Amino acid sequence: MDCLFCKIIGGEIPSAKVYEDELVYAFRDINPQAPVHVLVVPKQHIASADEVTVDNSAAVAAIFTAIPKIAAAEGLGNGYRVITNIGEDGCQSVKHMHFHILGGKKLPESMA
Ligand code: 5GP
Ligand code: ZN
């Protein structure tokens with residue numbers, strides 16, 4: 001499958017890894033929008049959060065278990081934001097589900 005994040009998970013395309021476990025891979029966004037900008041992805045290809053089902057939801061649970069660990073390791077004790085973009089209106093540019101962790105500064109109040 002021609003998927004950028006599958007290639008990053010597989011090591012075919014290099015990335016700055018910050019966390020990995022059996023189900024989850026996390027790496028620094030190449031175009032950071034905040035002092036800390038990490039992408040957390042399932043190793044299994046799931047196209048977006050709109051494709052989550054009871055059969056693949058273990059990956060989502062693993063992601064949300066990893067997020068607090070990554071946030072702590074990145075020094076985000078004062079808070080942070082988790083975002084997932086979905087589809088055209090959500091401006092999702094990579095069709096492999098990913099959760100942005102943004103932090104390291106006071107983020108804008110507006111989300112849209
Ligand atoms: P989206 O817009 O789909 O929610 O987010 C995709 C994110 O992937 C963007 O923030 C973009 O900067 C990041 N990105 C795109 N290509 C690469 C890449 O090759 N490496 C890394 N580390 N991040 C990427
Ligand atoms: Zn993929």
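Remember, it's a predicted structure, so these values are computed and weren't measured experimentally. When a ligand or atom number is given, it counts from 1 through the structure's own listing order.
Protein heavy atom closest to atom 23 (N) of ligand 1, with residue, atom name and distance, is Ile30 N, 3.3 Å. Looking only at protein heavy atoms, the nearest one to atom 16 (N) of ligand 1 is Leu4 CD2, 3.3 Å. The protein heavy-atom contact nearest to atom 2 (O) of ligand 1 is Ser93 OG, 3.0 Å.
Heavy atoms of Thr84 found under 4.0 angstrom from ligand 1: none, in either backbone or side chain. Counting heavy atoms closer than 4.0 Å to ligand 1, residue Arg28 contributes backbone atoms (N, CA, C, O) but none from C-beta onward. At a heavy-atom cutoff of 4.0 Å, ligand 1 is contacted by no atom of Ile83, backbone or side chain. Within the 4.0 Å heavy-atom criterion, neither part of Ala16 lies near ligand 1.
Evaluated by nearest non-hydrogen atom to atom 9 (C) of ligand 1, the leading choice among Leu39, Ile8, Asp29 is Asp29.
Using 4.0 Å as the threshold, His98 has a heavy atom nearer than that to some atom of ligand 1. Residue contacts with ligand 1: Gln33 is excluded, as none of its non-hydrogen atoms falls under 4.0 Å. Distances shorter than 4.0 angstrom do not occur between any heavy atom of Ser15 and any atom of ligand 1. Not a single heavy atom of Ile13 lies less than 4.0 angstrom from ligand 1.
The minimum heavy-atom distance linking Gly103 with Tyr80 is given by the pair CA-CB, 4.3 Å. Across Gly104 and Pro35, no two heavy atoms sit closer than the pair O-CG, 3.5 Å. The two residues Ile63 and Val24 make their nearest non-hydrogen contact at N-CG2, 3.7 Å. Summarising the geometry of Pro42 relative to Ile9, their closest heavy-atom pair is O-CD1, 3.5 Å, with the distance given to 0.1 Å.
Val18 and Leu102 end up in different hydrophobic clusters when Ile, Leu, Val, Met, Phe, Trp and Tyr side chains are linked at under 4.5 Å. Both Phe64 and Leu23 are members of a single hydrophobic cluster when ILVMFWY side chains are connected at heavy-atom separations under 4.5 Å. Residues Tyr19 and Val41 do not share a hydrophobic cluster, clusters being chains of Ile/Leu/Val/Met/Phe/Trp/Tyr side chains in contact below 4.5 Å.
Between His100 and His98, a ring centre-to-centre spacing shorter than 6.0 Å is recorded.
At a threshold of 4.5 Å between non-hydrogen side-chain atoms, the residues His96 and Leu4 do not count as touching.
Shown in contact with Phe5 at under 4.0 Å from a heavy atom are these atoms of ligand 1, numbered in order with element: 8 (O). Ligand 1 places these atoms under 4.0 Å from at least one heavy atom of Phe27: 21 (C), 22 (N). Near Cys91, with a cut-off below 4.0 Å to any heavy atom, the atoms of ligand 1 are 2 (O). Of all the atoms in ligand 1, the ones that sit under 4.0 Å from a non-hydrogen atom of Asn31 are 12 (O).
Within His96, the N/O/S atom positioned nearest the Zn ion (ligand 2) carries the name ND1. Among the heteroatoms counted here (N, O or S) of His45, ND1 is the one nearest to the Zn ion (ligand 2).
Using a 30° and 60° split on the angle between ring planes, Phe27 and Phe5 fall in the perpendicular class, above 60°.
Residue Val94 places at least one N or O, backbone or side chain, under 3.5 Å from an N or O of ligand 1. Residue Gln92 has no N or O atom closer than 3.5 Å to an N or O atom of ligand 1.
By the 4.0 Å N-to-carboxylate-O rule, Lys43 lies close enough to Glu20 to be salt-bridged with it. By the 4.0 Å N-to-carboxylate-O rule, Glu51 lies too far from Lys95 to be salt-bridged with it.
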